[in-house]
Amino acid sequence: MENLNHEQREAVETVEGPLLILAGAGSGKTRVIIYRIVHLIETGVRPDRILAVTFTNKAAQEMKERIHKMLGHQRQIAAPLISTFHSLCVRILRRDVEKMQSAYTRDFTIYDTDDQTRLVRTIMKDLGFDDKSLSARLALSVISGAKNRGQSPTSYANQADYASEKTEKIAQIYRQYEQRIAQANAMDFDDLLIKTVELLRQVPDVRAHYHERFAHLMVDEFQDTNAIQYELTRLIAVGATKIEQAKINEEELWKGRSLCVVGDLDQSIYAFRGSDFNIILNFEKDFQGTKLIKLEQNYRSTQTILEAANKIIERNTQRLPKTLYATDALGQGEAIRYYQSYDGDGEASFVGEKIQEHLRRDPHTRCAVLYRTNAQSRLFEESLRRRGLAYNIVGGFSFYERAEIKDLIAYLKLAMNPHDDMALSRIINAPPRGIGKATLDILHTQQQDLGVSMWEAIGVAIANKTINTRAMLALDGFRRVMSAIRERVNADEALSEIVKAVAADTGYVSALQEEKTEEAEGRLYNIEELVSAAVEAENQGETLRDFIDHAALVADTDQYKEDARVTLMSIHAAKGLEFPVVFMVGLEENLFPHSRAASSEKDLEEERRLCYVAITRAQKYLYITHAMRRRTWGEELAAEPSRFLNEIPMTLMQDVSLGPSWLKFAARPETKHNREAAAALRGEAPPAVKKTSNFSGKTYNSVDSVNDFFKRRIQEAEAREAGTPKPVDAAKGRAGGASAGSPPPRVASASDSGAKFKVGARVRHAKYGQGMVLKVEGVGDEAKLTVSFPGYGQKKFVAKFAALEKA
DNA sequence: TTTAGTACACTTTTT
DNA sequence: GTGTACTAAA
């Protein structure tokens, strides 16, 4: 423990009572949690009396491994439980759900977002709400919000400010939704938490069990907990309902117990799904005698990066003052590199190029490209693929979201819980068995009339012969397939055997094999992967139940591979991670901050926290990029620089854009008009204008004129380039970014004479071979070189990073 | 009933 | 640009 600072050590050694740790980004908070757990165990606490709740399965896994390593030499009787809120709840419910007043059995299934949406769609169809005014997604998010506030369908309808037609409709959908999900013996993500809290409230035995078992409870990323998660935490830690708590002697309660929560207000980025950082603000009030420890020493990033982060977050009003301090060891560090590209392709090319340079210099470095929306990933993927760089992408569709995987899992789910209507409707005709819409409609009507599940409806239909012969044969075939799987499950066959049987006996694999298309090949490959995953899980001692739960609860962020050299992901997914090199891309108004957040100051502050999270992921190098034009929904539109660019001090940034850029323009006003426009760009417009909307009216117009200015310059440059003897690689064209926004080639001035490379110099490059320097911008190491390589076209380099030799 | 083709709505962020 | 949902034809 000697390598901990004073505050960290205090946090580790405080093992009794409520403890609140406010930990800034990169302040070694994960280490504190790990050391604290180890410390608890070393002072004689039984490992299985410790519970640590993390944000992702991945974080849980990592923590487990590190603790195991640290305790490796000691004999471990039991391990501490390290889990996400959702996994914890599934565990609790699978054990005790039948003890509470509800129809749920321990075989309940978990409905993921996809299942939920399909359920809402079915309900809307049944209720005749197929008009365009209400989307299933919207209905679902409203329902989820109401559920998390503890509102029943009725109280939701009553509590709405005004009874609109929409609220009334949503209330009806909500009512049906709750009914049908319960009837299917299924729970959605919200239910997992809600039902667990209900169970602990309702059944004193169960509450006492977990209260006694988990004497030491830790919650990471506490700023992102919602009211239900908080209540769950409280129930386990205190072992009493709110009313009972008033009668408890707090001092008595905390003997040999602790509740330690760790969080950072500035990194609260999940308000959109109900997390509430007021919980952390009220923690001291809720728990008498809370000890507060602040960790502000940052061990991750250079002074420059931290300054930028501090300056950004300072603008928020909803926060507690806090400043991150850099360690001397890392020092000031390099300037933040700023790059403006002509369009999205140019941005991606720049990022690809820089990643290549960084990897060439240090093959073991790790780079991350962080974007606001997952839709931005495509261009970067293409750029990296063009350069032959391997990358790992987090988010988008994960393995478990692929249709074939979901189908096979649905067979397993249905085998375990025949009332799971969503699983059934998913696979009843996959592969095609001749059960079409007409048959399903009949079944659905009968199901609604009888108030039973689809599976039961099939049985009834066959018994009563209410369906034509051909469809009946098909249904009977399906029923037999399912029964065979159920028999295997009931016979406790090995997990991997069951998965293999599902792939083969359902005809799923053979149907794909017959297709003989490339796509089918890919799907078959994925099925093989699923089988290997099952074998792996079996070796780990998992049951079929565990395997299915795992598939439902893995998050996108769990796809993150620590050792990947290049990772693409959303900023949300990057929380808790760190990288030597970070690219924060797409700094454009309406993208980041996102257009959906522009309306309210509260949302805007969350966007700013998001920006703060992105910046503080960087250890050594931070690149910030934006494009002047961006293609959205198939249309290319002018993009305005993000207001966040104005909030980072210009002195911290170095402009590596190829032509004139927004930053250069804003930094060097030369005329009165420019000065005014630049001031506006920096957000120095009169407060009255700024208050109502940060970029409107005059400000917007001036940005427009900047764009016009660049457009003209680019056209001029293009005209000149057309006359250049060495044509630009046609395939890449202007989209190569390297040539986008280029100012007219400049004759090397006398000040360039001391540079390492001069115009006209012959150079050699590891990949492109012999080339000639066409252009030198800037001086010394920072100079940007344009080099022409026969057969490869023109390439741009920064002298310092370029793998160029004099030839 | 299935399939192929076309129209269209869509994207914040995620356990 | 993409995935889904609806329509028309086999």
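Below, chain A is the first sequence line, B the second, and so on; all start at residue 1.
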Novice: Between B:dT15 atom P and A:D276 atom CG, what is the distance in whole Å?
Specialist: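 Value for this atom pair: 20 Å.
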Novice: Can you see whether A:N374 engages A:S377 through a side-chain donor-acceptor pair at a distance of less than 3.5 angstrom?
Specialist: no
Novice: To the closest 0.5 Å, what do you measure between SG (A:C89) and NZ (A:K195)?
Specialist: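 Nearest 0.5 Å value for the SG-NZ distance: 12.5 Å.
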Novice: Output the single nucleotide from B:dT12, B:dT1, B:dT14 whose closest atom is nearest the side chain of A:Y270.
Specialist: B:dT14
Novice: Report the distance from atom CG of A:D114 to atom P of B:dT15, rounded to the nearest whole Å.
Specialist: 15 Å
Novice: When only distance counts, do a donor and an acceptor, one from the side chain of A:R372 and one from the base of B:dT13, lie under 3.5 Å apart?
Specialist: yes
Novice: In whole Å, measure the gap between the C1' atoms of B:dT13 and C:dT4 for me.
Specialist: 22 Å
Novice: Decide yes or no on side-chain hydrogen bond (donor to acceptor under 3.5 Å, both in side chains) for A:T373 and A:Q376, but give the supporting numbers first.
Specialist: CA-CA 6 Å; A:T373 66; A:Q376 286 166 261; 3.1 Å; yes
Novice: Examine C:dA5: is either OP1 or OP2 under 4.0 Å from a nitrogen or oxygen in the side chain of A:R121? Give yes or no.
Specialist: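 So the side chain of A:R121 is within the cut-off, an N or O lying under 4.0 Å from OP1 or OP2 of C:dA5.
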Novice: Can you check the A:N226 CG to B:dT14 P distance for me, whole Å?
Specialist: 17 Å
Novice: Under 4.0 Å between a side-chain N/O of A:N57 and OP1 or OP2 of B:dT15, yes or no?
Specialist: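 Checking B:dT15 against A:N57, no side-chain N or O comes under 4.0 Å of OP1 or OP2.
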Novice: With a 4.0 Å cutoff (strictly under), does any side-chain N or O of A:N374 reach OP1 or OP2 of B:dT14?
Specialist: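 Indeed, a polar side-chain atom of A:N374 lies that close.
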Novice: Nearest to the A:S570 side chain among B:dT12, B:dT2, B:dT14, which nucleotide is it?
Specialist: B:dT14
Novice: Could you check which of B:dT13, B:dT11, B:dT15 has an atom nearest any side-chain atom of A:H86?
Specialist: B:dT15
Novice: Distance check needed: C:dG1 P versus A:F380 CZ, whole Å only.
Specialist: 16 Å
Novice: For A:T439, report the nucleic acid contact type (base, sugar-phosphate, nothing); a contact means any heavy atom under 4.0 Å.
Specialist: sugar-phosphate
Novice: Starting from the 5' end of DNA chain B, give me the residue, A:K437 or A:F272, whose nearest nucleotide shows up first.
Specialist: A:K437
Novice: One thing to verify: whether A:R385 and A:E382 come together as a salt bridge, which I'm taking to mean a side-chain N less than 4.0 angstrom from a carboxylate O.
Specialist: no
Novice: Under 4.0 Å, counting only non-hydrogen atoms across every strand here, what does A:A438 touch: a base, just sugar-phosphate, or nothing?
Specialist: sugar-phosphate
Novice: Given that A:I435 and A:R596 both sit by DNA chain B, which one's nearest nucleotide is further toward the 5' end?
Specialist: A:I435
Novice: Using the C1' atom as the reference point in each nucleotide, state the distance between C:dA5 and B:dT12 in Å, no decimals.
Specialist: 23 Å
Novice: How many whole angstroms separate atom CD1 of A:I194 from atom C1' of B:dT15?
Specialist: 13 Å
Novice: Look at the side chain of A:A573 and decide which nucleotide, out of B:dT14, B:dT2, C:dG1, has an atom nearest to it.
Specialist: B:dT14
Novice: Pick from A:Q223, A:K575, A:E221: which one makes a side chain to side chain contact (heavy atoms under 4.5 Å, CB included) with A:I269?
Specialist: A:K575
Novice: Using a strict cut-off of less than 4.0 Å between a Lys/Arg side-chain nitrogen and an Asp/Glu carboxylate oxygen, indicate whether A:K29 and A:D220 qualify as a salt bridge.
Specialist: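 Judged by the 4.0 Å cut-off on N to carboxylate O distance, A:K29 and A:D220 do form a salt bridge.
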Novice: Heavy atoms under 4.0 Å, any strand shown: does A:D190 hit a base, just sugar-phosphate, or nothing?
Specialist: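 Here A:D190 touches no strand at all.
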Novice: To the nearest angstrom, how far is A:K58 atom NZ from B:dT15 atom P?
Specialist: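 In whole Å, B:dT15 P lies 14 Å from A:K58 NZ.
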Novice: Roughly how far apart, to the nearest Å, are B:dT11 and C:dC6 at atom C1'?
Specialist: 22 Å
Novice: Indicate yes or no: does A:D224 engage A:R273 in a salt bridge with an N to O separation below 4.0 Å.
Specialist: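 The answer is no: the pair does not qualify as a salt bridge.
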Novice: Indicate, with a heavy-atom threshold strictly under 4.0 Å, whether A:R137 touches base, sugar-phosphate, or nothing.
Specialist: sugar-phosphate
Novice: A:Y371 OH to B:dT13 P: how many Å, rounded?
Specialist: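 Atom OH in A:Y371 sits about 10 Å away from atom P in B:dT13.
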Novice: Quick check for you: among C:dG1, B:dT14, B:dT12, whose closest atom lies nearest to any side-chain atom of A:R378?
Specialist: C:dG1
Novice: Taking the minimum atom-to-atom distance to the side chain of A:F189, which one of B:dT13, B:dT2, B:dT15 wins?
Specialist: B:dT15
Novice: Taking any heavy-atom pair under 4.0 Å as a contact, classify A:L192: base, sugar-phosphate, or nothing.
Specialist: nothing
Novice: What nucleotide, of B:dT1, B:dT12, B:dT11, holds the atom closest to the side chain of A:E607?
Specialist: B:dT12
Novice: Nearest whole angstrom, please: distance from the P of B:dT13 to the CD of A:E606.
Specialist: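 Spelled out: CD on A:E606 to P on B:dT13 is 13 Å.
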Novice: From the options B:dT15, B:dT13, B:dT11, select the nucleotide whose nearest atom is closest to the side chain of A:H572.
Specialist: B:dT13
